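Here the structure is a predicted model, which is why all the values come from computation and not from measurement.
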Amino acid sequence: MQGFVDTILPLSSLGFFLAILVPLTGALVRVRAHYNPKGVQLDPEPEGDVQPHTGPVMYSFFGMLKRVYRIEGWSGLYKGLMPTMLPVLSTLIITAFLVTFLDNKQLRPHGAYAALQTGALGIRAITTPHKLPYLNARYSLRIILTSTERQRPWILYLTPGLLAAHVLHSAYTGLGLRYIRQLLLPEITSGILTRSEDIFMVKLGIFFGTALLSTIILAPLEVAIIRLAIQPNHAVPKLDSISQEADGNAEETVEYSGADEDVIRLRTEREPYTGLIDCLKRITDEEGWGALYRAWWWTMLGTLGVAFS
């Protein structure tokens, strides 16, 4: 009975959880997805004209929240709600079932850290400038996916470098940080604290230091995951998205009323990233090292939270 009560409470708070999580996740994705080249860029056309950078210059996380609300309103803040809600809801339901009927609290995940509560589809939904309905998946998929991706959905997860970035991130957080946590802080893992408070505090400090240093590795991977996830996949790579979608997107898209500018600028019109290393290198070359560490504190809080999760 107690296990049932323990799982009903998280389920009942799902709405409140999503009400806070979705806008924050949306701001995080947009801040990291925004393409902000430094200086001037050479026009890719044969004339080679120098084109100054135009468009929003955005680095601040909370500044992005304000910008989204100003341009797209409340519906813009909750773009990506459905792709975010479905995995969270399914995880809660599975956990509730296991804990209720098997009565084993060890089945709950411990020491886990997830960079985002949404996948590639959620990232696409958040970054698109178009207005997406909550209950019309067919229409939304025609907006956020290319014709090639709709015909072969698996190609979305075969984007060069995307799988490698996910594997490295999962291995570091799911194996590396989790093993270090269990090695240094077995008292928290088991739920039984010892009286050796001095030793415990030293170990806790070591883990916190390790988690802080992990931000140096994890933040660039999380930025790369977002950049690679929004990169369109086409049957003919050199054709732009507009020409390829002309035959597959006959439906007229809905724009935000009164919006004369996009919230962010995407890099999808330029030469695509060819892999994880190429993605990281191009980001630093075109936008500077700071672009790899946008909203780094989000990653830091996530890694620190592993100690007590």
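- The 12-atom threshold is not exceeded at OH of Y179, counting heavy atoms of other residues, nucleotides or ligands nearer than 6.0 Å.
- Counting only heavy atoms from C-beta outward, the side chains of R294 and I226 never approach each other to under 4.5 Å.
- Side chains of L24 and L65 form a contact here, defined as non-hydrogen atoms less than 4.5 Å apart.
- In this structure, the separation between CG on L132 and CG on L81 is 11.5 Å, given to the nearest 0.5 Å.
- Shortest non-hydrogen contact noted between T127 and V29 is CG2-CG1, 3.7 Å.
- I155 and I225 fall into different hydrophobic clusters, where Ile, Leu, Val, Met, Phe, Trp and Tyr residues are linked whenever their side-chain heavy atoms come under 4.5 Å apart, directly or through other members.
- Rounding to the nearest 0.5 Å places NE2 of H169 at 3.5 Å from CD of E222.
- R30 and E72 are joined by a salt bridge, as a carboxylate oxygen and a charged side-chain nitrogen come within less than 4.0 angstrom of each other.
- Between L162 and L156, every side-chain heavy-atom pair lies at or beyond the 4.5 Å cut-off.
- Both W297 and W289 are assigned to one and the same hydrophobic cluster, defined by single-linkage of ILVMFWY side chains at heavy-atom distances under 4.5 Å.
- Note: I216 CD1 to M300 CE = 12.0 Å, rounded to the nearest 0.5 Å.
- N233 and T159 share a side-chain donor-acceptor pair at under 3.5 Å.
- Cluster membership check: L163 does not share its hydrophobic cluster with V223, using side-chain heavy-atom separations under 4.5 Å among Ile, Leu, Val, Met, Phe, Trp and Tyr.
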Report the C-alpha distance between R124 and E149 in whole Å, list the side-chain angles of each, state the deciding distance to 0.1 Å, and finish with yes or no for salt bridge (charged side-chain N to carboxylate O under 4.0 Å, His left out).
-> CA-CA 12 Å; R124 292 275 188 97; E149 291 167 343; 2.8 Å; yes
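- Residue N136 holds its CG atom at 9.0 Å from CG of L141, rounded to the nearest 0.5 Å.
- Minimum heavy-atom separation, W298 to T25: CH2-N, 4.3 Å.
- L218 and L301 fall within a single hydrophobic cluster, where Ile, Leu, Val, Met, Phe, Trp and Tyr side chains are chained together by heavy-atom contacts under 4.5 Å.
- Annotation: the span from I180 atom CD1 to L175 atom CG amounts to 11.0 Å, rounded to 0.5 Å.
- Under the 4.5 Å side-chain criterion, counting only non-hydrogen atoms from C-beta, R267 is not in contact with P37.
- Between G80 and I126, the closest heavy-atom pair is CA-CG1, 4.0 Å.
- Taking the side chain as every heavy atom from C-beta outward, R70 and E261 approach each other to under 4.5 Å.
- Contact between K131 and Y139 at its shortest, heavy atoms only, is O-CE2, 3.9 Å.
- Considering every non-hydrogen atom in both Y172 and S214, the closest pair reads OH-OG, 2.9 Å.
- The OG1 atom of T128 lies 10.5 Å from the CD1 atom of I230; values are rounded to the nearest 0.5 Å.
- Nearest heavy-atom pair across A295 and L28 is CB-CD1, 3.5 Å.
- Looking at heavy atoms from C-beta onward, L304 lies in side-chain contact with L212 at the 4.5 angstrom threshold.
- Under a hydrophobic-cluster definition in which Ile, Leu, Val, Met, Phe, Trp and Tyr are linked whenever side-chain heavy atoms come within less than 4.5 Å, directly or via other members, V263 and Y69 are assigned to the same cluster.
- Enclosure of atom CG in L158 by more than 12 non-hydrogen atoms of other residues, nucleotides or ligands within 6.0 angstrom is indicated.
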